[in-house]
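These notes concern the structure reproduced below.
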Amino acid sequence: MADQPQNSYYLEGIPVPETPKPGETPPPWKKTRIVGQPVPRVDAYERVSGTAVYPADVSLPGMIYGAVLRCPHAHARVIKVDTSRAARMPGVRALIGPDTPGANPVWTWASYSGLKVASKLFDAICRFEGDAVAAVAADTPYQAWDAARAVTVDYEPLPFISDEHQALNPGAPAIHPTGNNVEPPKVYERGDVAKGFTEAEVTLEESYRTECEIHVPLEPHGCVANWEGDRLTLWESTQGVYAVQSRVAEILGLPFSKVRVIGTYMGGGFGSKLQPGKYTIAAILLARLAGRPVKMTLTREETYLSVGNRPPAEMKLKAGVRKDGTLTAMDFSCLATGGAYPADGTSLVDWLVKDLYLCPNVRSTLTDVYINAGPARPFRAPGHPQGAWALEQMMDALAAAIGMDPVDFRVKNVPLFSQSRPGQPPYTSTGLKACLEEGAKAFGWKEARARIAATPKSPRRRGVGVAAGMWAAGSGRPPSTVMVKLFADGSVNLNMGASDLGTGTKTIMALVLAEELGVRPDLIQIESADTGTTQYASPSGGSKTVPTEAPAVRAAAVSVKQQLMEIAAKDLKTAVADLDFQAGIIVSRSDPSKKLRLQDLPGLKQAGVAVGIGYRGPNPADKIVNPFAAQFCEVEVDLYTGEVKIFRFLAAQDSGRVMNRLTYDNQVFGGITMGVGLAMTEARILDGRHTGKMVNRSGYDYKVPTSLDIPLNQVSLPIELEDPLANTVGAKGLGEPVTVPTAAVLANAIFHATGVRVTSTPMSPVQLCRLFATLKKEG
Amino acid sequence: MDHEHNDQESKSSQGLTRRGFLQTMGTGAVAAATSGAVAGIKKAQAETIVPESVIRVDLTINGLRHRLVVEARWTLLFVLREKLGLAATKVGCDRGECGACTVLMDGVPRYACQTLAVEAQGFEITTSEGLMDAGKLGPVQQAFVEHDAFQCGYCTPGQVMAMEGLLRLNPTPKPEEVRLGMSGNLCRCGAYEHIFRAAGRAAELRRGKRGG
């Protein structure tokens, strides 16, 4: 940009939002000029050229490579680990196991709900296939694996459980001394469920199941650990550098200030990279031992076993409705498993049953059990797609039973408040009704149903489906601190600790700054995700990053404007109240001839920079900020082959203000794609009979959607409601709600096409053919 | 609930208590480590390369000849990333499942993780770095920027190479040809829709149409 004259940094003369007085909260934006436009990413160059350095790409002088030896059994006691042969292998620089002095720290498995089980980095009992047994670092990854394979381990295999249904059977092997219940079943109840069912005119009951799904981010989990004296620098592929810093520091007993975590780029997480792994600690210890930086990138196979999953959910739902479409009662139960340690196996699975539709009488019972499998981690809208699979198929069935259109039935039951939270607080905004109605209109819902009804039945059948959803979080919240630095030439630097997972966070923050200051987005330099140099942020997860960080960025921009006006007041010898901050220029209201461009402010030149600090303010008291969604699709199902072609898919999302239409649509399509995976192809399969091992731990046997699997036509329809109460930018989370209804939409469309209710994922040709075989031969 | 959930997130970082292991670990681990009390390692015995396992190769990458010594089992991917510093080519699975390591060999997309360095001799190898012209993005890369055809960006250089290979073979692919041509490259973020849109633009840019 060297050829650009300085004044082109700003869109001069164009009004920017009014600058509030110090201490005042900036009012909601009215019409935005830059926010909401489709703008290519500020870091697009780095990401498409390959110059972005992900942790797996980090290369340091003298760097060696780590590998973790993992337990091949579903459940085993580690009797003896003999590293003597491995230690003599070529290239080996460090080797640690359960007996290495000082290298087997306590590792606590903890659920987000606060349950903890203390264990060791290399524990005497491996409760899942893939738990760590030893670790090695060598000059090449090949040599590291040679050495890992040369470690001799005596295991005593123990009886295992691979099926959560068997976990509570009498005589089932106990995975923990406390038994196989993670905690006592959680029961929620409101109203009078029994009475509600007596008031129902139609009552339906069905069992549903979603299979365990693996995150499979394209960058495998990993890190590079480097010690400089007693200072550790860790490049971790993570969603939250500060979360990794604190956990690593606590495990190793290090002051936080000795642990710098850098995660500027990361190759996908979807919830599985909110925390470090055992591999992180192993890499750090190996680096210390070897006196060399260690790169530890997990193999793809390890990521299937050891770094999280979406728990399988076995659900039952009974629901009662009156013929006018009034829901009278719902009774939901779920048996699920977060694997071998406390890992929120049933977390939020019942949220939609409790909160998505008006229903006075609701009961839910959640039972989380242990099995011998890798611990779960949060996975894009934890619990929600599972719950939607049950609830949204039930809503479909109820609508059919009472002869109501599925869209109308849902619209009739839209609540304006959160029914399951104490005090039943109202939402700041809910676009659920608009998502359903405007989505149906844009999709051509009624027309499509009429067209399909009028089409003669053939072995290839069309069907359309609808489902709705919401996300129990997505409000954002304090704390967040960001710093905006305006240089003397008027260009801008933004410093924030949050990670941009690929959702476009950095670009959205640049647009916020551009909106508020009038500066061109491409003249904003952004530093992010580094505990050593950037401000504090909680991990990017829960679809909260934009609603958390954007208000803080806006506050920092406002602070910069206020300081520049103070400076200008002195330079122009007038009062601050007399000044108007326009894009790139500050003008006296009483005497418009008195004005200065930012880069001409003598006070700014003297100061060098103007620095604004922004904090995330509190959320509205007694109100709830949640995003909502309704999705529609049309499929063609082949009754002979069980193949499903997804013709079109429309997602109507209420996530408040659209911040960047380009990345918004991308998120929407990405959520649909992931939901297609849950619905159609993805399932962890454990060999429950002989070994307890996962049998489909590869991309060929565990199929993530490819370019051939996604809907042929996808439409993103933002339902953009003003939500001035939510926060100062009016945005709600998007990344998670977009994947909540998707699987259920497909199941409902397949039902519409075939009359067959598919209650278990994945809706593979194998399963569908089996179900279709029960259909009467016709057409 | 929102609050509860959010608290959970921050708790993840604080998930561990400081009991017990602070005494056993902490600087204790570091001290034990530096004192060399590690099972069976004597650094003097460690060798970096076993001579009989190495072989000389001659690789042409992005128009430059690289003569180097490799182990016979080293993949092209490993050599590109860890020996030559060409890290645009990503490691996603290291076993031919995901396409993150896609490069062109004589113009044809190949998985660098499924190609041994010794096998790659005699081919013109092109990586994402090779599509750049003095730091300026190539047409496929430019199309990816304009249509936001990526999210996390990790699979992107591989997607770019797959599309480059497709367009070299078929400069005006039909939509179904794009879908098929890109089906060897996983994108877990699910940017396929935008990748398809980028294909049309990339074809245009390759034909020399700019702007718009």
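So that the names make sense, note that chain A is the first sequence line, chain B the second, and so on, each numbered from 1. Atoms considered below: every heavy atom in the structure, side chains included; atoms not considered: hydrogens, waters and symmetry mates.
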Does the side chain of B:Y192 reach to within under 4.5 Å of the side chain of A:D709, using non-hydrogen atoms? no
Side chain proximity check, B:E71 to A:Q143, heavy atoms < 4.5 angstrom: yes
Flag the one option from [options] with the top tally of heavy-atom pairs under 4.5 Å to chain B.
| options | value |
| --- | --- |
| A:P38, A:G268, A:G670, A:S707 | A:S707 |
| A:L218, A:D57, A:V48, A:N666 | A:N666 |
| A:P378, A:A52, A:P141 | A:P141 |
| A:L662, A:T673, A:D82 | A:L662 |

Grab the two heavy atoms, one from B:P157 and one from A:G50, that are nearest each other, plus how far apart they are. CG-CA, 4.0 Å
For the pair A:Y142 and B:F78, name the ring-plane relationship: parallel under 30°, tilted 30 to 60°, perpendicular over 60°. perpendicular
According to side chain to side chain contact (heavy atoms under 4.5 Å, CB included), who are the partners of A:T51, at least two apart in sequence or on a separate chain? A:Y45, A:E46, A:S49
Among [options], single out the residue with the greatest number of heavy-atom pairs under 4.5 Å to chain A.
| options | result |
| --- | --- |
| B:D148, B:L131, B:V140, B:T156 | B:D148 |
| B:C189, B:S128, B:C155 | B:C189 |
| B:Q159, B:Q141, B:E193, B:H147 | B:E193 |
| B:A149, B:C187, B:G135 | B:G135 |

Atom group of [X] that falls short of 4.5 Å from chain B, counting heavy atoms:
| X | value |
| --- | --- |
| A:M266 | backbone |
| A:A56 | both |
| A:I64 | neither |
| A:E301 | both |
| A:T299 | neither |

Please walk me through it: do A:R47 and B:Q151 pass side chain to side chain contact (heavy atoms under 4.5 Å, CB included)? CA-CA 9 Å; A:R47 293 194 199 251; B:Q151 288 182 28; over 6 Å; no
Quick check: under 4.5 Å, non-hydrogen atoms only, which of residues 84-93 of chain B neighbour chain A? B:A87, B:A88, B:K90, B:V91, B:G92, B:C93
Listed by residue number, which members of residues 174-185 of chain B have a heavy atom under 4.5 Å from any heavy atom of chain A? B:R179, B:L180, B:M182, B:S183
Could you tell me the separation between the OG atom of A:S698 and the CZ atom of B:R95, rounded to the nearest 0.5 Å? 5.5 Å
With side chain to side chain contact (heavy atoms under 4.5 Å, CB included) as the criterion, how do B:H194 and A:Q714 come out once you've worked through the C-alpha distance, each side chain's angles and the decisive distance to 0.1 Å? CA-CA 10 Å; B:H194 281 194; A:Q714 299 187 78; over 6 Å; no
Passes side chain to side chain contact (heavy atoms under 4.5 Å, CB included), B:C152 versus A:Y265? Steps please. CA-CA 8 Å; B:C152 79; A:Y265 288 97; over 6 Å; no
Sub-3.5 Å donor-acceptor pair from the side chain of B:D94 to the main-chain atoms of A:R300, do we have one? no
Side-chain donor/acceptor of B:R188 to backbone N/O of A:E219, under 3.5 Å: no
Taking only residues two or more places apart in sequence or in another chain, which ones pass salt bridge (Lys or Arg N to Asp or Glu O under 4.0 Å) with A:R377? none
B:Y154 and A:Y54: ring-ring contact (aromatic ring centres under 6.0 Å, His included), yes or no, with the steps? CA-CA 8 Å; B:Y154 194 79; A:Y54 296 75; 5.1 Å; yes
